Amino acid sequence: MRTLLPPHPPPHTPRQALVRGIAVPPALLDQLRGSFHEHAMLVLRSSANVEDLAGMSAAGLYESVVGVPVADADGVAKAIAEVWASLYTRRAVLSRRCGWAVFLLRRGEAGL
């Protein structure tokens, strides 16, 4: 018999720490920062690929970082890493698992 969810989700803090340690590619950072006026304040957020699908929603699931000065390259990089790391919050992981389970149930592929 196949189960959809483990009885206890694994801890996500180590994964978040790993992602926070990934360097944002300098070309990406330069392109982003170069797209705004030097005094701009940024809101860095994710855009999930299931935010607007029928039957699934991830709107607001991941973290947003508000008020980051575009002139602060280190702050922008840290904010990006924080948004990326929010992929592994307990809430986000459980939401994706439950969403996938619902998708399988609707298709008749879940073994319960």
Side-chain angles (χ1 to χ4, degrees):
M1 180 167 68
R2 196 168 54 160
T3 60
L4 297 175
L5 299 173
H8 302 285
H12 305 292
T13 304
R15 290 183 185 133
Q16 288 178 292
L18 178 68
V19 172
R20 285 184 187 108
I22 296 172
V24 175
L28 174 64
L29 194 55
D30 290 345
Q31 182 180 2
L32 172 67
R33 293 180 63 231
S35 299
F36 297 93
H37 186 273
E38 66 180 314
H39 300 293
M41 300 294 279
L42 303 178
V43 175
L44 293 115
R45 63 175 298 274
S46 72
S47 180
N49 60 353
V50 295
E51 282 187 6
D52 298 320
L53 295 178
M56 279 188 91
S57 176
L61 185 59
Y62 305 110
E63 298 299 322
S64 295
V65 182
V66 179
V68 181
V70 73
D72 179 6
D74 188 50
V76 173
K78 285 181 181 177
I80 290 171
E82 189 63 31
V83 172
W84 288 349
S86 72
L87 181 68
Y88 295 105
T89 62
R90 178 178 172 82
R91 176 179 60 137
V93 170
L94 290 175
S95 178
R96 286 191 304 274
R97 287 183 182 176
C98 290
W100 184 246
V102 169
F103 175 76
L104 291 176
L105 286 169
R106 287 183 179 160
R107 290 186 49 187
E109 295 180 20
L112 297 176

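Residue numbers start at 1 and run along the sequence shown. Remember, predicted model here, so these are calculated numbers, not experimental data.
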A.B. asks: Sorted by first residue and then second, give each salt bridge (charged side-chain N to carboxylate O under 4.0 Å, His left out) pair with at least one member in residues 60-69; sequence neighbours left out.
C.D. replies: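 Checked against salt bridge (charged side-chain N to carboxylate O under 4.0 Å, His left out) - neighbours excluded - the pairs reaching residues 60-69 are E63-R91.
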A.B. asks: If you compare all heavy atoms of S86 against all heavy atoms of A92, which two are closest, and at what distance to 0.1 Å?
C.D. replies: O-CB, 3.6 Å
A.B. asks: Using every non-hydrogen atom in the two residues, find where L87 and V93 come nearest and quote the distance to one decimal.
C.D. replies: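 Between these two residues, the closest heavy atoms are O-CG2, 3.9 Å.
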A.B. asks: Under the rule for side chain to side chain contact (heavy atoms under 4.5 Å, CB included), what residues qualify as partners of D72, not counting sequence neighbours?
C.D. replies: P69, D74
A.B. asks: Donor-acceptor check, side chain of R33 to backbone of A71, threshold 3.5 angstrom: yes or no?
C.D. replies: yes
A.B. asks: Tell me every residue that passes side chain to side chain contact (heavy atoms under 4.5 Å, CB included) with L28, counting only those two or more places apart in sequence or in another chain.
C.D. replies: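 Checked L28 against side chain to side chain contact (heavy atoms under 4.5 Å, CB included); matches are V24, P25, W84.
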A.B. asks: Do any side-chain atoms of residues 34-44 form donor-acceptor pairs under 3.5 angstrom with protein atoms, and if so which ones, sequence neighbours left out?
C.D. replies:
| unit_1 | atom_1 | unit_2 | atom_2 | d |
| --- | --- | --- | --- | --- |
| S35 | OG | Q31 | O | 2.8 |
| H37 | ND1 | H39 | N | 3.1 |

A.B. asks: What pairs of residues pass the salt bridge (charged side-chain N to carboxylate O under 4.0 Å, His left out) test when at least one of them lies in residues 21-32, not counting sequence neighbours?
C.D. replies: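 Found none.
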A.B. asks: Quick one: closest heavy-atom pair of V19 and A81, and the distance?
C.D. replies: CG1-O, 4.2 Å
